[in-house]
Amino acid sequence: VNITIVGAGLAGSFLALCLGQRGEHRIDIYDRLPDPTAATGDRSSMNLGLSRRGLEALEHVGLRDTVQASAVPMRGRLVHDKNGRLRFTPYGDGGILAIGRDDLSATLVRAAGELPGVTFHFGLRCIDVDKELPAARFVDKQAGGEFVAPSDIVIGADGVFSVVRRAMHHRELAAYRQDYLEWGWRELTIGPGPDGSHRMAADVFHLWPRGDSMVFAHPNRDGSFTCTCVLPLRGASGPEPLASVDDVETHFRELFPDLLRLAPDIADQCLRRPTTHLLSIRTSPWHHDSKVVLVGDACHAVYPFLAQGMNAAFEDCIELDKCLRTHARDRPAAFAAYQQARKRNTDALAELSERNFSELRDTARSRLVRLEKACDTRLERLLGGRWMPLHSMVTNTTMPYAQAEQQAKRQRLLLGLLGSSLTVAAGVPIGRGLLSTARSGRRRTR
Ligand SMILES: Cc1cc2nc3c(=O)[nH]c(=O)nc-3n(C[C@H](O)[C@H](O)[C@H](O)COP(=O)(O)OP(=O)(O)OC[C@H]3O[C@@H](n4cnc5c(N)ncnc54)[C@H](O)[C@@H]3O)c2cc1C
């Protein structure tokens, strides 16, 4: 089968590996950016949390050890409060790995590119897809001109603003829902100390939750930390917050004084970096006939607060590969089975990721939320495998996201009942709060 993959990001190159390892297909994979293995520095330097799902997916394609060797293990989450106090929560089983996006991308492209039948083409932008042929049309900016690449299947792995998705849904009965947050993010770096070592604990994920703003940081191997600074899109004083050195310094002095000490150039960095929006996408269908199909952010971008977008994208690829083998003679059935298996889970992940943003913000504001979290962790210790905090289900297991969501709902209900019993027994308001949390089921972002 001749396959065109549009997008050689994490999902596209991982899928090229999965499909290419079968040795049954001819795969051409295109990306508008330059080759990540050439390390031109044009691509994002952001780093990502790789959890159990991602690791198992990498194991599936034989890359687990290679990736693990270039990652930094994080054994838990360290919350920095406004007064500089630290609160540690272990991740449990295996922890999470921090990995540079560039490194991971280059590793996937290198491994897939070595397979016979897989060819990467960089610097080519897809501008349209004919879903009936099927064929993808590309612009070659460097050489000038356009060309059409016909194939048996076009796979859209072209991320949140997918051209393949748009072309596939054109004139079809299709659903598309895009949500956004009124918060954006900027990437900041805490450089290594004078002797090249990390300036904070290097084996944890750092979090500074401050209600309407938060910063989180992953350790890098070179002694630095990559921070994601989440802040409201509209500042108190105007449409663009942190627009001057004064704004930034005041913001950090008030909310993150320790960060200002760790990265004295933070104002400069903050003003140089663009603010990127946070989008969540749910859509359907994910495929057209036997000819076009979507994977990764192209069909389900989620807010990054559970650090699962890439992990979920890898799961998509494995499922798609499995369905193509199971329904080898009926491709529409293969694509339908793939969507059926994945969509309910990625929809659940979208919900959970949104809710986790509220919870991270509330961790700073609400003692009740902190109490709930403490109960959750306590119950996990007491009841072993019969009770698992949502975060553990998502990051430490490969339990389908929809199942994790259901189990978390049941646990919240039980926690609520426990809370109301406490209220009756001790007459304390704690129980009322726990009960109302359980009843409301979810907290709204705004
Ligand atoms: C701030 C932030 C933090 C995150 N942290 C985590 C984390 O810790 N863990 C985690 O699992 N996930 C995380 N994610 C999510 C993760 O980055 C995405 O889910 C993942 O990158 C999706 O992979 P993808 O290949 O589908 O899309 P992308 O990585 O966006 O790749 C799409 C590729 O398609 C190419 N492309 C796009 N349009 C075209 C076109 N027209 N023609 C040709 N090529 C095209 C792009 O150049 C790109 O290479 C985070 C996301 C954000 C925003």
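Counting convention: from 1, in listed order, for ligands and their atoms alike.
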Q | Minimum non-hydrogen distance to atom 12 (N) of ligand 1, winning option of Met310, Arg32, Arg101 | A | Met310

Q. Hey, which atoms in ligand 1 end up nearer than 4.0 Å to a heavy atom of Asp297?
A. 18 (C), 19 (O), 22 (C), 26 (O)

Q: Would you please indicate yes or no on a ring centroid separation below 6.0 angstrom for His218 and Phe205?
A: yes

(Q) Could you tell me, atom by atom, which parts of ligand 1 come under 4.0 Å of a heavy atom of Ala157? (A) 32 (C), 33 (C), 34 (O)

**Q.** Sidechain N-carboxylate O distance under 4.0 Å for Arg177, Asp179
**A.** yes

Q | Heavy-atom nearest option to atom 41 (N) of ligand 1, drawn from Ser353, Ser13, Cys126 | A | Cys126

Q. In ligand 1, which numbered atoms sit nearer than 4.0 Å to a non-hydrogen atom of Leu124?
A. 43 (C)

Q. With atoms numbered from 1 as shown, which atoms in ligand 1 lie under 4.0 angstrom from a non-hydrogen atom of Asn311?
A. 10 (C), 11 (O)

Q.
Arg125 versus ligand 1: do any nitrogen or oxygen atoms come within less than 3.5 Å of each other?
A. no

Q) Per the side-chain contact (heavy atoms from CB on, under 4.5 Å) rule, which among His169, His287, Arg165, Met168 passes with Val292? A) Met168

Q.
Would Arg125 and Tyr30 count as a cation-pi pair here, with the cationic atom under 6.0 angstrom from the ring centre and within 45° of the axis?
A. no

(Q) Suppose I only count heavy atoms of Gly296 and a 4.0 Å limit; which atoms of ligand 1 are within that range? (A) 26 (O)

Q. Would Lys322 and Glu319 pass as an ion pair if we require N to O under 4.0 Å?
A. yes

Q. Does Glu187 come within less than 4.0 Å of ligand 1, judged by its heavy atoms?
A. no

Q.
If you take the nearest heavy atom of each of Phe314, Tyr303, Trp185, which one is closest to atom 1 (C) of ligand 1?
A. Trp185

**Q.** Ligand-residue contact atoms, ligand 1 with Met46, heavy atoms, under 4.0 Å
**A.** 2 (C), 3 (C), 4 (C), 50 (C), 51 (C), 52 (C)

**Q.** Nearest neighbour of atom 24 (P) of ligand 1 from the list Ala11, Gly7, Pro304, on a heavy-atom basis
**A.** Ala11

Q: Consider every N or O of Ala313 and every N or O of ligand 1, then say whether any pair is closer than 3.5 Å.
A: no

**Q.** Side-chain ion pair, Glu56 and Arg52, N-O less than 4.0 Å
**A.** yes

Q) Do other residues, nucleotides or ligands put more than 12 heavy atoms under 6.0 Å from Gln142 CD? A) no

Q.
If you measure every N or O of Val160 against every N or O of ligand 1, does any of those distances drop under 3.5 Å?
A. no

Q.
Could you tell me, atom by atom, which parts of ligand 1 come under 4.0 Å of a heavy atom of Val163?
A. 41 (N)

(Q) Show the atoms of ligand 1 that are less than 4.0 angstrom away from any heavy atom in Leu33. (A) 47 (O)

**Q.** Cation-pi, Tyr401 ring and Arg53 (6.0 angstrom, 45 degrees)
**A.** yes

Q) Looking at ligand 1, does any of its N/O atoms fall within less than 3.5 Å of an N/O of Ala307? A) yes

Q. Hey, is Asn47 one of the residues with a heavy atom under 4.0 angstrom from ligand 1?
A. no

